[in-house]
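Since the structure comes first, as structure tokens, the remarks are kept for the end.
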Amino acid sequence: MKIDQESHENLQSVNQSRWNEAELLRDSRILEHTHSFIVEYNFKTKQCYIDPAQRRHVYGDWQNEKNNYDRNYKRVVLKDDIAPLQAFFDFSDLKAGDSRSIDARFYVKAHAYEWYRVSLVCYADANGEKERVLITFTNAEQELETVQKLKFLLAKDPLTHMPNLDSFVQMTEKMLQSHPEQSYAFIRMDIDKFRIINQMYGTKEGDNILRYIGVKIQEWAGPILETSTYCRISSDMFCVCMPAEADSIQEIIDFIQTSLHAYPIKFDMIMSFGVYITCEEDRDAQTSVSTLMDRAASAQRTVKNSYMNHIAYYDSVIRKKEIAEQIIISEMKKALETNQFQVYLQPKCEMDTGKIIGSEALVRWIHPSQGIISPGEFIPVFEKNGFISELDYFVLRTTCQMIRRWLDEGKKVYPISVNVSRTDLYNPNLLEQIKECVAEFEVPHELIAFELTESAFVSDNMQLYNLAKLLQENHFNVMMDDFGSGYSSLNSLREIPVDVLKIDLKFLPPSSDDRRGNVILHSVVEMANRLGLEVIVEGVETIEQAEFLLSIGCRNAQGFYFYRPMPVSEYERCLEEEPKEISVRRQEEQSK
């Protein structure tokens, strides 16, 4: 279809007009969220666009009254600002690309005015000639108020109106620098079991409690405001920095705890406090406020949820522990890469015959200079920083390699169990990683079992249920480890699908003097047998314990009395030895 030149130019004009309207509409909608409105004047068409938002900002309706300029000036602009504005809006000398601004007072309603910042930009057409001018009117007073609100929000905690963490760090750094000779106490505090309060009374009441604590902290610190700082860190965590005077430290702790007891709620709210006192070394090293807060937090963790003690001071013991943990963290990756971690096996056996029926894969750190590092030193650290997941996979892979080697050598292979840490539960690819590893070495699934601790069953019920169910569906045995250590043992046993129950004698020790404890242990074993669960008792250390367990129907055990954790080569030798029956062991005990 052919379009003549005039029609083409008209179409271009319409399209350009629509484009300008769309652009203005976009600018107008953006400005709706500010305290501004826009006006555009086109020099070629002599048309003036006035943002409808103008009516919400300043007096009058400019769109309907725009032809009566002089009268409008008098109605909407303060008298002293009329002349400067008229000069500002004189476009006779305006060139494309020019921009300028002016401050003037506009009436927002009769007899009430506010300052506005008026800015304009002159735009060019395709030939570089001035085409239109875009004018922005911004309420400077409301904009300033918004800026002040933003500054408040950036510096304050919105719930308690206390300084937030960033503001606290900045203020505290200035205070420490201003008083270099002064020792300061960092007190970190939070409410024990605050999550339960939110569950019982709702988050609204929980927020009220946090506001209440914030008021009490500010109430106490008010008289010494120039020499103290405070903040809400997050959730129910607060921090105070104040001159390190023992009486004052105890005073604020007692004041806050007493105030919390007085809060009208039927819940015994207890706060735990960690205190760190700065020293000359901190001043010389210019230790950061964040590090000083971390030390207070380290102290607090030692008394968290303790019923006997709620206050802890950071001391040399905690410091040594932190340094030891940091050394472990700094060396862990290299240790894994250089094969410093080794898999040990602790056999499981039939107590009456002494025959090995399987084993548990355990990890040991053989350090080149320190020797064997106890798992009790590095496992808790790895559980905190997440490295335990890499270590668990290393143990699984090494175990699969061992089983493959034994199968290739034609040896008799007994099942090996590996531990799944709580961190692993949140790995969405865990099952696939297990299956891929087992498939890579073509290990029959019945030769690998997975131990899940009962404490994890209590804390992460749903994740554990899903994992245990999927493992069973893929023909892996699932063991509940440390049964008896949790608060919901029977409930966990009812809900979580497991094949084997591992009862730890640390929690249910048999004793000739403890008739009730023996009855409970007997009942647990009987219950497991009736449920069709295999029972393995771990922690067996004496022949008396072994004989009692046999008398109540428990056949299998794992413990130092029979076998300690050992290197793989030693485990292989044990498999070749003749098993020792319990009667033989009794005779040997008597002969001693």
Side-chain angles (χ1 to χ4, degrees), residues 335 339-367 370-380 382 391-392 394-396 398-399 402-403 406 411-419 421 447-451 453 479 481-485 500-510 534-550 554-589 591-592:
N339 300 316
Q340 293 179 31
F341 292 110
Q342 294 185 18
V343 170
Y344 274 41
L345 297 175
Q346 184 175 22
K348 303 167 186 176
C349 68
E350 294 178 348
M351 286 184 285
D352 55 348
T353 66
K355 179 183 176 184
I356 293 175
I357 59 171
S359 62
E360 178 183 358
L362 303 167
V363 67
R364 295 293 182 265
W365 187 347
I366 315 298
H367 195 278
Q370 300 179 40
I372 297 180
I373 300 177
S374 168
E377 294 181 36
F378 64 83
I379 293 296
F382 294 167
L391 198 58
D392 285 348
F394 162 79
V395 172
L396 173 63
T398 303
T399 300
M402 284 191 302
I403 294 175
W406 291 334
K411 294 181 178 179
K412 173 69 174 176
V413 182
Y414 298 96
I416 300 179
S417 62
V418 296
N419 290 281
S421 69
L447 294 180
I448 291 281
F450 294 91
E451 298 197 15
T453 62
M479 300 182 173
D481 193 17
D482 292 342
F483 184 80
S485 63
V500 180
L501 203 62
K502 292 189 74 177
I503 302 173
D504 195 327
L505 289 191
K506 291 197 300 289
F507 309 109
L508 296 170
E534 180 186 343
V535 175
I536 297 176
V537 179
E538 55 184 339
V540 179
E541 297 182 353
T542 67
I543 190 169
E544 288 77 17
Q545 290 175 338
E547 288 177 335
F548 173 78
L549 291 169
L550 283 169
C554 184
R555 296 183 57 205
N556 304 323
Q558 178 184 356
F560 284 9
Y561 178 71
F562 297 100
Y563 299 99
R564 291 176 176 270
M566 59 188 68
V568 175
S569 58
E570 187 177 337
Y571 173 78
E572 291 174 332
R573 286 197 300 272
C574 287
L575 290 176
E576 297 174 356
E577 295 174 356
E578 191 69 27
K580 190 179 295 185
E581 296 181 1
I582 193 75
S583 57
V584 176
R585 292 177 182 272
R586 168 53 75 181
Q587 290 175 1
E588 291 178 350
E589 290 278 341
S591 64
K592 292 179 182 178

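The first residue in the sequence is number 1, and the count goes up from there.
Between N556 atom CG and L549 atom CG the span is 10.5 Å, to the nearest 0.5 Å. Atom CD in Q558 sits 11.0 Å away from atom CG in L505 (nearest 0.5 Å). Taken to the nearest 0.5 Å, the CD atom of E588 stands 10.0 Å off from the OG atom of S583. For the atom pair CD of E581 and CG of D352, the computed distance is 7.5 Å after rounding to the nearest 0.5 Å. In this structure, CD1 in I503 is found 10.5 Å from CD1 in I536, a value given to the nearest 0.5 Å.
A salt bridge is defined here as a Lys NZ or Arg NE, NH1 or NH2 lying under 4.0 Å from an Asp or Glu carboxylate O, and E350 with K355 fails to meet this definition.
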Give the intermediate values and the outcome of side chain to side chain donor-acceptor pair (under 3.5 Å) for residues S417 and K348. CA-CA 10 Å; S417 62; K348 303 167 186 176; 2.8 Å; yes

Is there a side-chain contact (heavy atoms from CB on, under 4.5 Å) between M479 and E360 once you walk through the steps? CA-CA 11 Å; M479 300 182 173; E360 178 183 358; over 6 Å; no

Is there a side-chain contact (heavy atoms from CB on, under 4.5 Å) between F548 and T542? Walk through the geometry before answering. CA-CA 10 Å; F548 173 78; T542 67; over 6 Å; no

What's the verdict on side-chain contact (heavy atoms from CB on, under 4.5 Å) for L345 and M402, showing C-alpha distance, side-chain angles and the deciding distance? CA-CA 11 Å; L345 297 175; M402 284 191 302; 4.1 Å; yes

Candidate pair Y414 and L575, rule side-chain contact (heavy atoms from CB on, under 4.5 Å), full reasoning: CA-CA 10 Å; Y414 298 96; L575 290 176; 3.8 Å; yes

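With a 4.5 Å cut-off on side-chain heavy atoms, C554 and M351 count as touching. By the 4.5 Å heavy-atom criterion applied to side chains, P375 and L362 are not counted as neighbours. Side-chain contact between I543 and R586: present, with at least one pair of heavy atoms (C-beta onward) separated by less than 4.5 Å. Between V363 and F378, some side-chain heavy-atom pair lies under the 4.5 Å cut-off. Proximity of F450 to V418: side-chain heavy atoms (C-beta onward) are separated by under 4.5 Å at one or more points. Under the 4.5 Å side-chain criterion, counting only non-hydrogen atoms from C-beta, Y571 is in contact with P347. Side-chain contact between L391 and W365 is absent, with no heavy-atom pair separated by less than 4.5 Å. Between F394 and V343 there is a side-chain heavy-atom pair separated by less than 4.5 Å.
In terms of heavy-atom proximity, K580 sits nearest to V584 at CG-CG1, 3.8 Å. In terms of heavy atoms, P565 sits closest to F560 at CD-CE1, 3.5 Å. When all heavy atoms of T399 and V395 are compared, the pair lying nearest together is OG1-O, 2.7 Å. Residues F562 and A557 come closest through the heavy atom pair CE1-CB, 4.0 Å.
With sequence neighbours left out, the side-chain hydrogen bond (donor to acceptor under 3.5 Å, both in side chains) criterion links R564 to no other residue.
Not one N or O on the side chain of D481 forms a donor-acceptor pair closer than 3.5 Å with the backbone of N419. With hydrogens and angles ignored, the 3.5 Å screen pairs a side-chain donor or acceptor of Q346 with a backbone N or O of Y563.
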